[in-house]
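Values reported hereafter were calculated over all heavy atoms of this structure, with side chains retained and with hydrogens, waters and symmetry mates removed. Both ligands and their constituent atoms are indexed starting at 1 by order of listing.
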Amino acid sequence: MKKIGVLTSGGDAPGMNAAVRAIVRKAIYHNLEVYGVFNGYAGLIDGNIKKLEVGDVGDIIHRGGTMLYSARCEEFKTAEGQKKGIEQLKKLGIEGLVVIGGDGSYMGAKKLTEHGFPCIGVPGTIDNDIPGTDFTIGFDTALNTVIDAIDKIRDTATSHDRTYVIEVMGRHAGDIALWAGLAGGAESILIPEAPHEFSDVIARLKHGNARGKKHSIIIVAEGVGSGVDFANKIQAETNFETRVSVLGHIQRGGSPTAFDRMLASRLGAKAVELLLQNVGGRAVGIQRNELVHHDILEILDQPHTIDTQMYRLSNELSI
Ligand code: F6P
């Protein structure tokens with residue numbers, strides 16, 4: 001392979017820039033030409049592609065967002081859109097593509113692979129919901145953003161003797177809620193992967209109140225339902241003064257943590273290593289701190305799982 005491309009797609013995630021930097025620099029170090037595809041798959045269809053040099057990825061390792069920009073693209077879900085994308089790549093002589101993104105982006109990479117175009121998937125999403133990797137790029141940063149918010153909300157919750165419902169992102173996955181809830185000392189954590197009884201949530205709140213707790217924090221993953229609805233139900237059921245905070249897109253921004261920069265650099269470089277060996281159709285990941293790669297055609301068939309021991313622990317520690 002002499003020329004490769006890189007794109008970021010779907011919801012952006014802190015650390016995507018560090019991954020782009022690693023891909024570009026690793027490729028150039030090994031005498032490959034690298035092309036940046038701007039605006040995700042939409043830009044691929046439109047041919048919004050530019051050659052990148054070493055200096056183009058300078059001063060981005062610490063920046064959130066993605067210098068390649070991102071998009072969600074309906075047209076790329078069609079075979080026609082996918083073929084248009086491949087034509088654009090072939091026009092420039094690009095022989096392999098690294099796709100950084102979440103499950104929608106992986107779906108696109110899978111389709112390109114099925115059409116015979118070598119792709120490597122790099123997991124970049126705050127949701128931590130890609131099978132075959134313990135961590136996705138951006139999760140750690142988002143987690144720290146949420147913990148910072150919980151700590152701040154706890155201050156005011158204690159001052160006013162209030163119950164807070166904090167709704168966090170994660171789409172269908174509960175990882176952000178579970179990890180942030182455990183690290184933030186939440187009273188209850190509601191995630192899609194573990195069914196809950198509303199009566200248990202109320203019982204825990206009342207128990208805490210009875211032993212003189214000055215605040216309660218309930219973390220709700222967006223995949224479970226609306227934080228506002230939960231707050232209304234809690235207020236109605238307990239008459240405890242309840243407030244809600246929907247953290248929203250602040251979870252997607254900000255400077256990536258050291259962990260995310262390291263992860264992005266390692267995974268980005270690994271993707272290039274595979275293309276240098278003419279290996280395509282793989283999804284890179286990290287499992288037990290080892291870099292791994294799996295078949296991109298099969299990876300999304302595996303279920304996303306959470307650490308059930310961690311969930312149990314969060315219940316034990318929040319009595
Ligand atoms: O996948 C990342 C994510 O932030 C999810 O957690 C969330 O459900 C979704 O994207 C929000 O998407 P949008 O930016 O299109 O509103």
query = Among all residues two or more places apart in sequence or in another chain, which pass the salt bridge (charged side-chain N to carboxylate O under 4.0 Å, His left out) test with E53?
reply = K51
task = Return the protein residues near ligand 1 (heavy atom under 4.0 Å from any of its atoms), ordered by chain and residue number.
result = R72, T125, I126, D127, M169, G170, R171, E222, H249, R252
ask   = Does a salt bridge link K90 with E87, judged by any charged N lying under 4.0 Å from a carboxylate O?
value = no
inquiry  = Salt bridge or not between E95 and K3? Use side-chain N to carboxylate O under 4.0 Å.
reply    = no
I150 side chain reached by I219 side chain, heavy atoms, under 4.5 Å = yes
inquiry  = Once side chain to side chain donor-acceptor pair (under 3.5 Å) is applied, do any residues pair with Y35, and if so which ones, sequence neighbours excluded?
reply    = E33
key: For T305, side chain to side chain contact (heavy atoms under 4.5 Å, CB included) partners two or more places apart   = none
